[in-house]
Each structure stands twice: as C-alpha cells, then as structure tokens.
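What follows is a single structure, written as structure tokens, with notes after it.
Just so it is clear, the structure is predicted and the values come from calculations on it, not from any experiment. All values below were derived from every heavy atom in this structure, side-chain atoms included, with hydrogens, water molecules and symmetry-related copies excluded. Lettering of chains follows the sequences in order, A, B, ..., and the numbering in each one begins at 1.
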Amino acid sequence: MDYDFRGIEQRWQSYWAEHQTFKAKEDTSRPKFYVLDMFPYPSGAGLHVGHPLGYIASDIFSRYKRLRGYNVLHPMGYDAFGLPAEQYAIQTGQHPEVTTLQNIARYRRQLDRIGFSYDWDREVRTCDPAYYKWTQWAFLKMFGSYYDNRLRRARPIEELIAAFEASGTDGLDVACGEERSFTAAEWAAFSDLEKSQVLMNYRIAYQGDTAVNWCPALGTVLANDEVKDGLSVRGGYPVEQKKMTQWQLRVSAYAERLLEDLDRLDWTDSLKEMQRNWIGRSAGTEVVFKTLCGDKQKDITIFTTRVDTIFGVTFMVLAPESELVPELTTPDRKEEVAQYLAYVKKKTERERIAQTKTVTGVFSGSYGINPLTGEKVPVWISEYVLAGYGTGAIMAVPAHDSRDWAFAKKFGLEIRPIIAGCDVSEGSFDAKEGKMCNSGFLDGMDVKDAIEAAKDYVEERGLGRRKVNYRLRDAIFSRQRYWGEPFPIYYKDGIPTPVPEDKLPLTLPQVDEFRPTEAGEPPLARAKDWTYEGYPLEKSTMPGFAGSSAYYLRYMDPHNDKALVSREADEYWRNVDLYIGGTEHATGHLIYSRFWNKFLYDLGYVCEDEPFRKLINQGMIQGRSSFVYRIVGTNTFVSAGLKDQYETTEIHVDINIVHGDRLDLEAFRAWRPEFADAEFILEDGVYVCGWAVEKMSKSMFNVVNPDDICDTYGADTLRLYGMFLGPLEQSKPWDTKGIDGVNRFLRKFWRLFYDGETLLVNDEEPTPEELKTLHRLIGKEQADIEAFSYNTTISAFMIAVNDLTERKCSKRAILEPMVILLSPFAPHIAEELWHVLGHEGSVSDAAFPEYVEAYTVEDSATYAVSFNGKTRFTVQLPKSMDRAGVEAHVRALPQTGKYVGSQTIVKVIVVPGKIVNIVVK
RNA sequence: GCCCGAAUGGCGGAAUUGGUAGACGCGCUGGACUCAAAAUCCAGUGUCCCUUAAAGACGUGCCGGUUCGAGCCCGGCUUUGGGCACCA
C-alpha cells in the first residue's frame, strides 16, 4: 500500500468529527491546559499559507499536551464584526452579516482540511447576539464602575455616590478626567443631569469630549492603534484630528498595573518592551509658574522630568489646544495667535507627522515667573507641545532639550547652559551627566544627584509635587458605523441611561442602507424606531477590539446564557496557558484584553488577573513574488539575466505559472489577454523571472493557498513543512521549494511499515542501537517541543527515520512510540499507522512514550582543569567516568605537562562534572 | 532621533549556551535501477592550494579585547528587520 494521503486525511478528519475526539470537558481529576489562537477576522480573500502557521504551531502543542495527560482546551472562533464587511455592504447593499457568514463558512472549510484538534462545539462569533450580549454586559459593568486609586481596583459607582453624599469629594483618590471638588451639600443640590455629568468624570466607561482620530473616508473615529503614519490601518485613508464627544474606556487608570504585571508574564522581551513603551511611564514633577498678563493672575502648571534644569528655563510653551491660551493671550497679540491657531487646526494628522522637523509657534504676550528664581520668562504657543500629555504646558530649557533648542534658535530666544563645560552652540546637551552650574543651590552637584535634590526642594517648598505621567491614553470606544455591537445606552432627558441587564442583548437593528445619514449621523440613525421605552438609543457602535477583549473567557463556557463564564468553568480553566499570534496586536488587542480582564477581576467575575500566561509571536509569512521585464513600449519580455541591456518595466507575474524561477511561456500568454501575443528574449533557452520577498497579497500574485498544498502534498506535509521552514517566531518567505523534502520523509516513514502491499511490521526484540535511536528522539522531542523549536524536532525525526531505514528496522516496539511522537505534527498519517499497528481508537488518546536514560547516548561532561587557582583548559570526558578515571586521564594529558612543567603532581582534586584542581610540588 | 532584535555555505537554517562550526532539508554533481521518464536508492558537496588524494591553511558582517579555547562574552563600528516618534 502506498501512502495515500487523500484517503487517509479525509478518513481521519471524519473520524475525529464523528467521535468528538477533541471535545473538552471540565475534569478536575486532570490538570488543564488552555491553548489559544488569535481568532481570525474572516476576510473575503480567504486564508493564505501564512495564516494557519500559528494555528499549526498551537495545534502541535495542544496535541503534545494531550499526549502528556493534560485536559486540553483548544477552541476557535471568529472576530466577525469589522470594517471590510461593512465597506463591502455600503458598495453593494449586501448585508454585512451575509458576507460575514459566507466568509466564515469558507474559513471553516479551509481550516478543516488542515486537521486541527479544535473543539468546534465551543466556537464563538463576536457578531452573534448570544455572544455580544456579554460584550454589552461588560460595557454596562464598566459604565457602572469607577477606579479607586488607593485600593488599586475598580469599584461599583454606587460606592462613589455614597461617598459624595457623605462628604463630597473630600478625601477621595479616584481616577478621573479632571480634578474637581465639591461638598456633600453641593452634590445634593445638583440636578439629575448635573449629577450624571459629574459621574461621567469617574466612570470607567464614560462619555467625554476628546480630540479623536477622525477618518472622513470611513466616516468614523479610530483608536490610536488603528492609525499608522496618519492613515487608517484598514484601508489606508487619511485621518485628521477632531474634537468630539465619544464613549471612552478609562484604560489609563490601569496603566501602572498593566506595566507592573508585565514582569510576571512569560512573553517575549520585545513584546513586553513594546507594551512598556506604549504605556510610557514617566516620573517627574509638576511645577506651578505664576504669570504676568496685564492685571490677570493665572497659574500655569507644567510637567517636567528634569526639574533640576529649572534654572535654565528661558521661556514656556503652551499647547495650541490648551484652555490657558485665550486667557494668556494679550490683546495686542490676539490676531497673530488666532492666525496661528487656525493654521494648526487645518493641518491633518499626516501633515503634522510629516512636518515634525518644522518649528512653528507664536508669542502669547504673557510672561511666566520662575518660582525658584523669580525670573520673568515669555510664554509661547506651539504645536510641538501636546495637549493630551502632562498638563499641555512646559517649561523650556533650550540648553538641555533638543526640541526646546530648535525652538529657541528659530525664534531667537536665550539658550542658557546649566551644566558645566557643555557646548550648546550646535545642539542641546541632553545627557544626564556632568556638574551643575548657574543653578543656585544645585551648583557643583552631579546631575544625577541634582535631579533628586531639585525634586525634594520643589516639593518641600510647595512649589510643585512629584507626578507620574503615562503615555497610554483612554481608549476611544465609539465608532460611527453599523457593523458592531450597539451600546446598551439610551438617553432619558439627555441623561445616558443603561438598558437593564435582563434586556440584553440589545440586537443590531435593520437599516435600509449602511452609510451615514445625510445629516452626518451614524448608520443606526436610519433604523426605524431605534429607541428604548420611547427614548432614543445610542447611535454609534463599539469598535473591533470590544468583541475580542474577552473572547478567551467565553470559550470556557460558551453556551452559558446566565453569565459570561460560570464560576466553576472559570476556576477550572482559569486563563490561557499558551497564546499564539502575531505581534501586530501588541499595542491594541493585547493591552485592551489585559485591561478588560483586570476590570472583570476587580469586580470578582474572574479569578485570574492576567489573561495570557505565555505568549508566542509567530513570524509573518511573506510571499516570494516573481517578476517579468517588459521592454518599454513593446510587448516583448526579456529574461532577468539580460534585463539590464534594455529599458524595462518590472511586472508582477502569477507565481503559479513560474516553476523554479522559469516562466511557463504558454501559461503566461494564456494568463491575460494583453500578453496573448507576447514575445520573449530568452537566456539559455528559458525565461528566468526575477523575484523579491514581499508581503503575501493578491495584488502581487504571490499568494499561496493552503488548499493547493493540501491537494498536492496533503495536510500532514503542509503542517510539517510550515514548521520546518525555520524558527516559529521569525518572519520568513514561503518558498515551496523544499516541501518535497518533508513529503519524502513521510513516505520514507511509511515504507518502514509497508513494502508495496507487504506489511513489514514485526514483533522482534529491538537491539540496543535501535532503542538508542528511539530514545535519542524521545529526549529531543520532549525538550524541543517545550521550547517551540519545531524545526529541530522535525530534523531529529528525519535522522531517526534515516537511521531505521538503514538498519531495515520495522520492529513494532520501535515504530509504535514513533507514531505517537509524530502524531502532533502529522496527525493523519499517525492515526492511519496507529491503526495499521492494530490499535483501535485514536492515537490522540495514547500516551507520550517514556524516555529511558539507559538508551541515550553517553553524554560527556566538561571538566575545567585549573592550576595555581586559575582555569587553564577544559577536558570533555564521559559522564560515567569515575573519579579515578578522570584523575588518570588528566595526569596523562600533554597540556598538564605544559602548565605543571618539571614539577610533580601531588594531588588531583576532582569535583564531579566541573573542576579539576591540580596541586603540584 | 530613541528603544529592542538579527547577521553562519549556492539557499532555509543547526550548534548541548564558552568546547570538533555548518546538523537536518533544499539545490547542485556523479552513479545505480529503467527502452525512457518519473519515483526511489547510493556517493559527494564551506573556501583556498592541487590532476587527485593525503596533509595543510583560511573560514560564523567589520575592527579590537578577554580566554588554554569565542559563532556565543566585552568595547567600537557596518548593514538590516521591527517598534515608538515632538510624550517635556
């Protein structure tokens, strides 16, 4: 019998489905292991080979853990709300749900062919009302909570209301938008509407005015992580800054915990570093400068990490959006300031980014007073100061900050160095080193000491206080779109009011069209009767990350309609042990999920405060594009090696008609009508294509469809080859050259069982050498799989199979454990061979073979030979060698003579496995 | 500009973390089988010197250092991938 992968793969895939082999049940008698993939957005293009690579990696680990006796939870679902389906709906009128369901069906067919061990009974879809009920529920919980900075956790808003009633804001330390203070009596006197507005300042899900990334082409706002280089990540449309009232999540309240808890996670350092930078903790000082502005007195609070440089302040700068700007603009400067503000306002985000080197600004006419020196310094307005960070105002120290330096140069302001001996004629001196000068009481101190001394000084005299700032902003949670979760909020007399929990889910209404209304309202404004008890419902919907923030919890208990997850299920599965996915979610999903989980943890709904214990980032799979070269103005194509002799245009060509960089000329002519009468200039009789590694995409004709690989080689070969390409975490191009190698390996393994129709498996006793081969493999597998070094694991397998082939060993005692070892990687062929060996049932229920040290190759130990207390060289000796043996060996070494010379060795001290000390006389 | 990471044959990549560099696979060369092709199998394959072999020398981006010993550690570069980017 030959290795008939088509029959085998079909047969075993049906077997798994029929027998529910991978159905996961809570079972407290067994240890759990939760392996999760980042669920896909089902796009219209279907899967390409890059997508399932991470899924294959996690599937291998799931199957491996199963073999090791774990109760494995390995689910899959779809992140099904999102922009592309809606854009398509706007263009075609097709309901996004229809296209989404079609895409899901296609994804499922593609996934099924690869033989994953998913428990499909637990599938979730974020666009399913039974699922988004819990997204809405969580939102309501956030709406009904505030963050207590002292307890460092979220609490129900009722507790805050009780505190207001008892003593107003007195003695509170809670996360909020703006600092406010009022007494209990004042609180009691507020109207309902006023109370609602006050509470918004504290809720974890709140409505507030904010500068947002507005994308006119998409007709919606976007979160910071949805914008890159001033363009929307999806679609690449321009984005501008706009002030709008939006729902937001107070992620910033969790900044410190999100940062601290990174240390406890088993994630890669680079990913943790990305999150740390995104959170951007910076410890500094807030200092108050009084101002002189006609007869008005106004304080400017600034934030700085370098109070020690305060003696070098020669001017101050406000963000254009700062509310102090109108107050501090003197009448004679009014016109110029207004002009500048208009100029800043009409800039798009993209222009701002492109022009970061251009220095702009305007003088306000006012002066600030340096609280340490009493000196008067001008207050400027410039866009290089951001309204959203710190206090939106800075003290400028041009001698020691490059941005201030550039500004001072441009506007001719004084640059006053305060570190001895530094040269600031060509640029600022930003380093934190040297001795202070021109700085009053700080003179002569080391900069490092001065930083602390200055902080203390300012704090002790009440001129300012220590303050920690974060770059992390609150997440903007409204989208002016149709295809997302509706907010369970209605407006009762203008007061945002939650829809009662027992009325959830609040389902998405039908609309006749999916674009915004003529009045510029979101599409939900088109719905008939979009009201609750006669009051208007919120018309925006939630963003893409809403549904993906807690999906891992829902998998634990997907059919529960009483709770997001039951206590029992949560306490059994707890959190994700292994999460595999791309690094592109580092500052989006992976932050939001952690925040969302911590919030639920604070309120006692889940028992772990971090969602993903270990995280692996699989690298991106790039495409290998092929090119042909058309001579300009002709329909003649020249082979890559000769192209430099002509003036040519590079054209992407479908990689399916290129074989080993050689173009199939007939297929090329048939490919597109305009190439039907193409002429070619060949080299050595063939047309050689050029190539490049690029992103895998339709437009570059370099997409490899996993279905095609399954057709030609089978899913097992696809799985093995994908893992054999190189280290999991590394980005690499998909190059189908070389796939024959792993396919050959599978056939070779098969031939250990069969010679044509003859079954070769026998019950002979294995020789010690054969056992050694087997156990070397077991040892390698165990160590390498745990380290996700799948490529070397597969190499080890190939070595073992080559070795057994050479020995003509088809002994059951060797082959049986090997089938089990292979099953995580190539499950279909493993099932078939398990069956051939006479077993009933699935190899997935077998146990990982035990590793016996006796059969392993004799390991060597390294001994460092030291003489006169200094290590001179090392020797490698078998681990089994005893002390006397090591001693004799060392005495006989020629190197020993070199160092000991004519002296006599009186003693050799052997520390097992490590050091040999030689004592001489 | 700032913060991470990487650099090894013709190619993808190994190397027990300081101990025989190049495992495994691809490709290539030669051979066996075959009427032939495919498939399969066997042998060779870092570079240089050489008819060949032995032997030797060189060899992990570059320069220097530590060490008996460096792909791995230290200092200084170069190239490259990724993240952040007026965050005070």
Could you tell me how far [M] sits from [N] if I compare only their [atom1] atoms? Round to whole Å.
{"N": "B:U45", "M": "B:G61", "atom1": "P", "result": "24 Å"}
{"N": "B:C42", "M": "B:U52", "atom1": "C1'", "result": "22 Å"}
{"N": "B:G46", "M": "B:G9", "atom1": "C1'", "result": "5 Å"}

In terms of the nearest nucleotide of RNA chain B, which residue is placed more toward the 5' end: A:Lys732 or A:Thr360?
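Comparing both residues, the 5'-ward one is A:Lys732.
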RNA chain B: A:Glu273 or A:Thr391, which has the more 5' nearest nucleotide?
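This one resolves to A:Glu273.
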Please classify the nucleic acid contact of [X] as base, sugar-phosphate, or nothing, using heavy-atom distances under 4.0 Å.
{"X": "A:Arg751", "value": "sugar-phosphate"}
{"X": "A:Arg473", "value": "base"}
{"X": "A:Pro733", "value": "nothing"}
{"X": "A:Ile394", "value": "base"}
{"X": "A:Lys228", "value": "sugar-phosphate"}

A:Tyr721 pairs by ring-ring contact (aromatic ring centres under 6.0 Å, His included) with which of A:Trp734, A:Tyr790, A:Phe825?
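The single option meeting the ring-ring contact (aromatic ring centres under 6.0 Å, His included) with A:Tyr721 is A:Trp734.
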Looking only at side-chain N and O atoms, does [X] come under 4.0 Å of OP1 or OP2 in [N]?
{"X": "A:Ser282", "N": "B:A88", "answer": "yes"}
{"X": "A:Arg747", "N": "B:U40", "answer": "yes"}
{"X": "A:Tyr389", "N": "B:A88", "answer": "yes"}
{"X": "A:Gln730", "N": "B:A6", "answer": "no"}

Glycosidic conformation of B:G9, taking syn as within 90° of 0 and anti otherwise:
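You should classify B:G9 as syn.
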Could you check B:U17 for me: syn (within 90° of 0) or anti?
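Syn conformation for B:U17.
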Please give, in whole Å, the distance from [N] [atom2] to [X] [atom1]?
{"X": "A:Leu777", "N": "B:U16", "atom1": "CG", "atom2": "C1'", "value": "17 Å"}
{"X": "A:Lys780", "N": "B:A14", "atom1": "NZ", "atom2": "P", "value": "10 Å"}
{"X": "A:Asp308", "N": "B:A88", "atom1": "CG", "atom2": "P", "value": "14 Å"}
{"X": "A:Asp735", "N": "B:C11", "atom1": "CG", "atom2": "C1'", "value": "8 Å"}
{"X": "A:Asn277", "N": "B:G82", "atom1": "CG", "atom2": "P", "value": "17 Å"}
{"X": "A:Leu725", "N": "B:A14", "atom1": "CG", "atom2": "P", "value": "12 Å"}
{"X": "A:Phe303", "N": "B:A88", "atom1": "CZ", "atom2": "P", "value": "7 Å"}

Within the structure provided, determine whether A:Asp299 and A:Phe289 are in side-chain contact (heavy-atom separation under 4.5 Å).
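The answer is no; the side chains never approach within 4.5 Å.
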When you compare the side chain of A:Lys780 with that of A:Phe797, does any pair of heavy atoms fall below 4.5 Å?
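No, every pair of side-chain atoms sits at 4.5 Å or beyond.
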Check the side chains of A:Asp2 and A:Tyr754 for a donor-acceptor pair under 3.5 angstrom, ignoring hydrogens and angles.
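Note: A:Tyr754 and A:Asp2 side chains miss the donor-acceptor criterion.
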Between A:Glu729 and A:Thr268, does any side-chain donor sit less than 3.5 Å from a side-chain acceptor?
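Judged by distance alone, the side chains do not pair up.
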Is the terminal nitrogen or CZ of A:Arg744 (NZ for Lys, CZ for Arg) located under 6.0 angstrom from the six-membered ring centre of A:Trp750 and within 45° of that ring's axis?
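That pair does not qualify as a cation-pi contact.
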Atom pair OG (A:Ser252) and CZ (A:Arg471), whose distance is rounded to the nearest 0.5 Å
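It is 13.5 Å, given to the nearest 0.5 Å.
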For A:Asp263, look at atom CG and say whether over 12 heavy atoms of other residues, nucleotides or ligands are found less than 6.0 Å away.
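Yes, enclosed.
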Protein-proximity profile, nucleotides 21-26 of chain B, B/S/- by nucleotide at the 4.0 Å heavy-atom cutoff, equals --BBSS
